[in-house]
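None of these values were measured; they are calculated from a predicted model. Quick note on labels: first sequence line is chain A, next is B, and so on, each numbered from 1.
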Amino acid sequence: DAKTTQPNSMESNEEEPVHLPCNHSTISGTDYIHWYRQLPSQGPEYVIHGLTSNVNNRMASLAIAEDRKSSTLILHRATLRDAAVYYCILGKAGSQGNLIFGKGTKLSVKP
Amino acid sequence: EAQVTQNPRYLITVTGKKLTVTCSQNMNHEYMSWYRQDPGLGLRQIYYSMNVEVTDKGDVPEGYKVSRKEKRNFPLILESPSPNQTSLYFCASRGLDRRNQPQHFGDGTRLSIL
């Protein structure tokens, strides 16, 4: 299974944009890039996913490099509630869809 | 409401006393998985199941058993629990059609083995 590399921790100021990087140099053509986050004392929750094109939803944006070897999760205006561990994961659709989580990036948001 | 339900949420027990953590989902998902979470180690997969009667080991399966007799249920069994299995456990489920559906997680079960 292809692996991802993320920084252990990042800090941000409230109401500023946050760019969370993820490297996945061994990604295959059928791997989707998934992002999940885990708020304190909760189970992980889905944030966004993409294959090749950049993606936007109400929570965040996902920017995918042209060679797909890296991606960036963008939170446009960080709030204190965005403080969480963010996981970048590669996974396939369909019957090979097992998702392997790593350690993620712990995001701290300062008021 | 789409849900993954784990029980119990908290359990303190003693070494060697068999226990089962139940997991149930109401979304007709094919895929279910168990993870354990320990400080500094992220989420590590214990076992997963791609469908009924199909289970596979994850990264840390030792000391655990699972079964998938029905699509909605995926219990985690600790036949002889030991203190190193004290951890926070999460169950998850996911649909495996071509829409690449997101994974849903339960609220977690905190196990303490004394």
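Looking at B/Glu30, there are no atoms closer than 4.5 Å to chain A (heavy atoms on both sides), in backbone or side chain. For chain A, the nearby part of B/Asp59 is the side chain; its heavy atoms alone come within less than 4.5 Å.
Of the listed residues (B/Arg110, B/Arg44, B/Gln45), the greatest number of heavy-atom pairs within a distance under 4.5 Å of chain A belongs to B/Gln45.
Between A/Leu90 and A/Thr4 the shortest side-chain heavy-atom distance falls below 4.5 Å.
At a threshold of 4.0 Å, the pair B/Arg68-B/Glu53 does not count as salt-bridged, since none of the basic side-chain nitrogens sits closer than that to a carboxylate oxygen. One finds no salt bridge joining A/Asp31 and A/Arg68 here, because no Lys/Arg side-chain nitrogen approaches an Asp/Glu carboxylate oxygen to under 4.0 Å. No salt bridge links A/Asp82 with A/Arg77; every basic N to acidic carboxylate O contact stays at or beyond 4.0 Å.
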